[in-house]
Student: 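Handing you this structure, nothing more for now.
Just so you know, these numbers come straight off a predicted model, no measurement behind them.
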Amino acid sequence: MLSIYNSLSNSKELFKPIDPGQVRMYVCGMTVYDYCHLGHARMLVVFDAIFRYLKVSGYRVTYIRNITDIDDKIIKRAIENGETIQQLTERFIQAMHEDTDALLIERPSAEPRATDNIAAIIKMVETLVEKGHAYCADNGDVYYSVGSFAEYGKLSGKRPDDLLAGARVEKDESKRDPLDFVLWKAAKPGEPFWPSPWGDGRPGWHIECSAMSTTQLGAHFDIHGGGQDLQFPHHENEIAQSEACTGQQYVNYWIHNGFVRVNEEKMSKSLGNFFTVRDILKHYQAEEVRFFILNSHYRSPLNYSDEQLDNARAALTRLYTALRGIEETPLGDFGEDYRARFKDAMDDDFNTPEAMAVLFELAREINRLREHDAVSAAQAAALLVELGGVLGLIQSTAENYLKAAPSAKGLAAEDVEALVAQRTEARANKDWAESDRLRDLLKEQGIVLEDSAKGTSWRRE
RNA sequence: GGCUGGGUGGCAGAGUGGUUAUGCAGCGGUUUGCAAAACCGUGGAUGCCGGUUCAAUUCCGACCCCAGCCUCCA
């Protein structure tokens, strides 16, 4: 039985879908005005693994991940770049898809965009105004009245009184209450706008997720996810909007992934300490990034460093080395105990690090079996590939992974092969001096040779 | 100030009221022309102080420290 840590209750709960056999999940995606950084990658990879695991657990999963393609930062960036908002957002949506594809992230069931859902947004704001949860201010903005929703704060554990006591609440003359937040922004000259009952304007940030999730999944659905930084105010506000609008419970399980850190500090745009996915992929294989992310529990902080990525590479090298030269065969009932342990780990709030430990135990088993029981070894290999696949790992072949040159520099494969052939000849002649010279030469190029009875194989360090 | 999380061996990172995490690194073997890979064996940890218990790293309380949210942010 799957249990999930629910941010709403701050505890693990047994997962029960609203409709048996079906899961409806919404995750807050990207605001598209820049490239994905590692923080985005974590969210994307973590929820991809959850998506995959729910599916192999037998659920039909509808997974919605939105795209925010209109907001202040986008408008600002488009002006800076001298391009239209649409040019900017299309460019970065494409870049995001390149990054997610590279990271072997499956496409969600749908990726709704805010600008395609303006009608639904306006309708929701209208309902909130009608029900007395929102009001149009003198400046043309429409605000949500936080005081009108008694349960405000139930997700973040914050009480309105405490928030007011904090010094950081902005003062805005047009709001009736400092905690009120904007649902609809009146357009300023030169800004993009859509017509609405309150005049030309555009949606506030929080309302788009309420509108899109409800449109796609209904008023009440199973899982809503996102980064920890969205818990407040974004998700708190979504609950306030949605539940006030529909009168129903909005979401059953809230899942928040932890931050990526650099030197014990949150990776963020404002601190300028972020690494983009594409920069990292110049030096590391995508699977190494995935491994690095999933090797920590999704709620823990994830410290970024090259050493960590190197570690992921060493670990993956071990797994792929075990698979090298083995033809996978159908499993039969091989390895039910491994499969059960993997499942138990994942059922325990998606404990990917523990699930990955099973992968390494399978690798050891393969290495033990391969000399004297090729059939069992091949079955173990098939299981390793299968379980790895649940996490989106071990999706390449051993040869491809071990011989891949992530930095694009280094010897071409054909040149390596030629030198290996030369060395094989020298070894046949017992010319150990020449043989070692060639190995050292390759070693300098980051190529490791491994001699066996079947010949010499090579891999990149 | 209010609210959340967390402090585990050399590093990363899980679980667990008494018994192997896992990976990398170390040490000793086996193997190898030399290596590498692999296998076998092995040392090493639970922030501090109390409490509960036959037994606590694991439960409870205080303390110290770290990170995060309360402002755009995955």
Student: Using atom P of each nucleotide, how far apart are B:A45 and B:C11 to the nearest Å?
Tutor: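 12 Å, rounded to whole Å.
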
Student: Just say parallel, tilted or perpendicular for the rings of A:His206 and A:His234, cut-offs at 30° and 60°.
Tutor: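 The rings of A:His206 and A:His234 sit tilted, inter-plane angle from 30° to 60°.
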
Student: When the distance from CD of A:Glu450 to C1' of B:U31 is rounded to whole Å, what number comes out?
Tutor: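 These atoms are roughly 14 Å apart.
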
Student: Return the nearest nucleotide to the side chain of A:Phe232; candidates are B:C39, B:C70, B:G33.
Tutor: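 So the nucleotide nearest the side chain must be B:C70.
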
Student: Which nucleotide in the list B:C70, B:A74, B:G2 gets nearest to the side chain of A:Met43?
Tutor: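 So the nucleotide nearest the side chain must be B:A74.
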
Student: Specify the separation, in whole Å, of atom CG of A:Leu384 and atom P of B:U22.
Tutor: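 Distance check: A:Leu384 CG to B:U22 P gives 16 Å.
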
Student: Can you check the distance between B:G7 and B:U46, where both ends of the measurement are the P atom (answer in whole Å)?
Tutor: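 B:G7 and B:U46 have their P atoms separated by 14 Å.
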
Student: How is A:Asn367 classified with respect to the nucleic acid when contacts are heavy atoms under 4.0 Å: base, sugar-phosphate, or nothing?
Tutor: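 The residue A:Asn367 makes sugar-phosphate contact but no base contact.
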
Student: What contact category does A:His37 fall into here, base, sugar-phosphate, or nothing, at under 4.0 angstrom with non-hydrogen atoms?
Tutor: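 Base contact.
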
Student: Just by distance, no angles: are the side chains of A:Asn81 and A:Glu83 close enough, under 3.5 Å, to form a donor-acceptor pair?
Tutor: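 Indeed, the side chains of A:Asn81 and A:Glu83 share at least one donor-acceptor pair under 3.5 Å.
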
Student: I'd like to know if A:Asp451 reaches the base of B:C34 with its side chain such that a donor and an acceptor end up less than 3.5 angstrom apart.
Tutor: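 Answer yes: a donor N or O sits under 3.5 Å from an acceptor.
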
Student: Considering only atom C1', compute the distance from B:C60 to B:U52 and round it to an integer number of Å.
Tutor: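 My reading of the C1' atoms in B:C60 and B:U52 gives 7 Å.
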
Student: Going by side-chain hydrogen bond (donor to acceptor under 3.5 Å, both in side chains), A:Tyr401 matches just one of A:Gln285, A:Gln395, A:Glu288, A:Arg313. Which one?
Tutor: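 By the side-chain hydrogen bond (donor to acceptor under 3.5 Å, both in side chains) criterion, A:Tyr401 pairs with just one of A:Gln285, A:Gln395, A:Glu288, A:Arg313: A:Glu288.
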
Student: Roughly how many Å is it from CD in A:Gln308 to P in B:A25, rounded to a whole number?
Tutor: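 The distance from CD of A:Gln308 to P of B:A25 comes to 15 Å, rounded to the nearest Å.
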
Student: Using whole Å, what does the distance between atom P of nucleotide B:C73 and atom CZ of A:Phe275 come to?
Tutor: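 That distance rounds to 23 Å.
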
Student: For B:C24 and A:Arg313 - does any side-chain N or O of the residue sit under 4.0 Å from the phosphate oxygens OP1/OP2?
Tutor: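 Checking A:Arg313 against B:C24: no side-chain N or O falls below 4.0 Å of OP1 or OP2.
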
Student: Relative to the ring of A:His224, is the ring of A:His235 parallel (under 30°), tilted (30 to 60°) or perpendicular (over 60°)?
Tutor: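 Perpendicular, since the angle between the ring planes exceeds 60°.
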
Student: Mapping A:Val358 and A:Arg364 to their closest nucleotides on RNA chain B, which lands nearer the 5' end?
Tutor: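 The residue mapped nearer the 5' terminus is A:Val358.
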
Student: With P as the reference atom in both, quote the distance from B:U20 to B:C54 in angstrom, rounded to an integer.
Tutor: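 Those two atoms are separated by 25 Å.
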
Student: Checking base pairs now: Watson-Crick or wobble, both atom distances under 3.5 Å. What partners B:G68?
Tutor: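 When the pairing criteria are applied, B:C3 turns out to be the nucleotide that pairs with B:G68.
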
Student: Side chain of A:Glu307: nearest nucleotide among B:G23, B:A74, B:C11?
Tutor: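 Nearest nucleotide to the side chain: B:C11.
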
Student: Mind calculating the distance between CZ (A:Arg261) and C1' (B:A12) to the nearest angstrom?
Tutor: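 After rounding, the reported distance stands at 14 Å.
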
Student: What is the pairing partner of B:U57, taking Watson-Crick or G-U wobble pairs with both distances under 3.5 Å in any strand?
Tutor: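 Matched B:U57 with nothing under the 3.5 Å cut-off.
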
Student: Scan A:Glu371 against the nucleic acid and name what it touches under 4.0 Å (heavy atoms): base, sugar-phosphate only, or nothing.
Tutor: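 A:Glu371: no heavy atom of the nucleic acid under 4.0 Å.
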
Student: Classify the nucleic acid contact of A:Phe259 as base, sugar-phosphate or nothing, counting any heavy atom under 4.0 Å across all strands shown.
Tutor: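 If one applies the 4.0 Å heavy-atom cut-off, A:Phe259 turns out to touch a base.
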
Student: A:Gln231 side chain to A:Leu155 main-chain N or O, any donor-acceptor pair under 3.5 Å?
Tutor: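 Yes, the answer is positive, given that a donor and an acceptor are paired below the 3.5 Å cut-off.
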
Student: Just to be sure I understand the rule, does A:Arg459 reach a base, reach only the sugar-phosphate, or reach nothing, if contact means heavy atoms closer than 4.0 Å?
Tutor: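 The residue A:Arg459 makes sugar-phosphate contact but no base contact.
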
Student: Looking at every strand, decide which applies to A:Val46 at a 4.0 Å heavy-atom threshold: base, sugar-phosphate, or nothing.
Tutor: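 The residue A:Val46 makes no contact with any strand.
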
Student: Which part of the nucleic acid does A:Tyr304 contact within heavy-atom distance under 4.0 Å: base, sugar-phosphate only, or nothing?
Tutor: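 It contacts nothing in the nucleic acid.
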
Student: Could you tell me whether A:Met30 contacts a base, only the sugar-phosphate backbone, or nothing, with contacts defined as non-hydrogen atoms closer than 4.0 Å?
Tutor: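 No contact.
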
Student: Considering only the P atoms, how many Å lie between B:G13 and B:G68, rounded to the nearest integer?
Tutor: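 Those two atoms are separated by 16 Å.
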
Student: Select base, sugar-phosphate, or nothing to describe what A:Ser452 touches, counting heavy atoms under 4.0 Å on all strands.
Tutor: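 Contact class for A:Ser452: none.
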
Student: Of the options B:A14, B:G33, B:A36, whose atoms approach the side-chain atoms of A:Trp432 most closely?
Tutor: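 The closest nucleotide is B:G33.
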
Student: Checking side-chain polar atoms at under 3.5 Å, does A:Thr68 have a donor or acceptor matched by the opposite partner on A:Asp71?
Tutor: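 Per modelled atom types, A:Thr68 and A:Asp71 side chains form no pair under 3.5 Å.
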
Student: Less than 6.0 angstrom separating the ring centers of A:Tyr143 and A:Phe181, yes or no?
Tutor: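 Judged by ring-centre distance (under 6.0 Å), A:Tyr143 and A:Phe181 do not meet the cut-off.
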
Student: Does A:Lys12 qualify as a cation-pi partner of A:Tyr5, given the criterion of NZ or CZ under 6.0 Å from the six-membered ring centre and within 45 degrees of its axis?
Tutor: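 Verdict for A:Tyr5: no cation-pi partner in A:Lys12.
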
Student: Counting Watson-Crick and G-U wobble pairs only, both distances under 3.5 Å, name the nucleotide matched with B:G26, or none.
Tutor: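 Across any shown strand, B:G26 pairs with B:U42.
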
Student: Applying a 4.0 Å non-hydrogen cut-off, can you work out what A:Ser268 is touching in the nucleic acid: base, sugar-phosphate, or nothing?
Tutor: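 Base, at least one base heavy atom under 4.0 Å.
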
Student: CG of A:Asn263 versus C1' of B:C11: gap in Å, rounded?
Tutor: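 Whole-Å distance recorded here is 15 Å.
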
Student: Would you please confirm or rule out a distance under 4.0 Å between OP1 or OP2 of B:A14 and any side-chain N or O of A:Ser300?
Tutor: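 A:Ser300 to B:A14 OP1/OP2: side-chain N or O found under 4.0 Å.
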
Student: Please give, in whole Å, the distance from B:A14 C1' to A:Glu354 CD?
Tutor: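 To the nearest whole Å, that distance equals 6 Å.
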
Student: Check if the side chain of A:Arg439 and the base of B:A35 share a donor-acceptor pair of N or O atoms closer than 3.5 Å.
Tutor: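 Such a pair is found, so the answer is yes.
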
Student: Can you find an N or O donor on one side and an acceptor on the other, under 3.5 Å apart, linking the side chain of A:Arg423 with the base of B:G33?
Tutor: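 Yes.
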
Student: Within the structure shown, what part of the strands sits under 4.0 Å from A:Asn10 by heavy-atom distance: base, sugar-phosphate, or nothing?
Tutor: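 Sugar-phosphate contact only.
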
Student: With distance as the sole criterion, do the side chain of A:Lys266 and the base of B:C73 form a donor-acceptor contact below 3.5 Å?
Tutor: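 Answer yes: a donor N or O sits under 3.5 Å from an acceptor.
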
Student: In whole angstroms, how far is the P atom of B:A36 from the CZ atom of A:Arg318?
Tutor: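 Spelled out: CZ on A:Arg318 to P on B:A36 is 16 Å.
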
Student: For atom C1', what is the distance between B:U8 and B:G1, given to the nearest Å?
Tutor: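 B:U8 and B:G1 have their C1' atoms separated by 32 Å.
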
Student: Determine whether a donor-acceptor pair (one donor, one acceptor, N or O, separation below 3.5 Å) exists between the side chain of A:Asp436 and the base of B:G33.
Tutor: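 By the distance-only test, yes, there is a pair.
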
Student: Mind checking the C1' distance from B:A35 to B:U16? Whole angstroms is fine.
Tutor: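 Here B:A35 and B:U16 have their C1' atoms 41 Å from each other.
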
Student: Heavy-atom nearest nucleotide on RNA chain B for A:Asn351 versus A:Ala433: which residue maps closer to 5'?
Tutor: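 Looking at the nearest nucleotide for each, A:Asn351 comes out on the 5' side.
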
Student: Taking any heavy-atom pair under 4.0 Å as a contact, classify A:Leu449: base, sugar-phosphate, or nothing.
Tutor: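 Contact class for A:Leu449: base.
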
Student: Please name the nucleotide paired to B:U31 by Watson-Crick or G-U wobble geometry with both distances under 3.5 Å, or report none.
Tutor: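 Checking every strand shown, B:U31 finds no partner, since no pair has both distances under 3.5 Å.
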
Student: To the side chain of A:Ala357, which of B:G68, B:C73, B:U22 is closest?
Tutor: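 That would be B:U22.
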
Student: Taking atom types as modelled, is there a side-chain donor on A:His97 or A:Glu111 under 3.5 Å from an acceptor on the other?
Tutor: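 Checked: A:His97/A:Glu111 side chains pair up, N/O donor to acceptor below 3.5 Å.
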
Student: Does B:G5 have its OP1 or OP2 closer than 4.0 Å to a side-chain nitrogen or oxygen of A:Tyr5?
Tutor: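 The answer is yes; a side-chain N or O of A:Tyr5 sits under 4.0 Å from OP1 or OP2.
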
Student: Go through the side-chain N and O atoms of A:Ser210 and A:Ser242 and say whether any donor and acceptor fall under 3.5 Å apart.
Tutor: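 Side chains of A:Ser210 and A:Ser242: pair found under 3.5 Å.
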
Student: If you measure from the C1' atom in B:G9 to the same atom in B:U42, how many Å do you get, rounded?
Tutor: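 The answer is 14 Å between these two C1' atoms.
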
Student: Using a distance-only criterion (donor-acceptor N/O pair, under 3.5 Å, no hydrogens), is the base of B:C69 paired with the side chain of A:Lys158?
Tutor: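 When only heavy-atom distances are counted, A:Lys158 does reach the base of B:C69 through a donor-acceptor pair under 3.5 Å.
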
Student: NA contact type, A:Gly29, heavy-atom cut-off 4.0 Å: base, sugar-phosphate, or nothing?
Tutor: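 Here A:Gly29 touches the backbone only, sparing every base.
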
Student: Decide yes or no, distance alone: a donor-acceptor N/O pair under 3.5 angstrom between the base of B:G33 and the side-chain of A:Ser435.
Tutor: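 Side chain to base: pair found, below 3.5 Å.
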
Student: Base, sugar-phosphate or nothing for A:Arg42? Non-hydrogen atoms, less than 4.0 Å.
Tutor: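 Touches nothing.
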
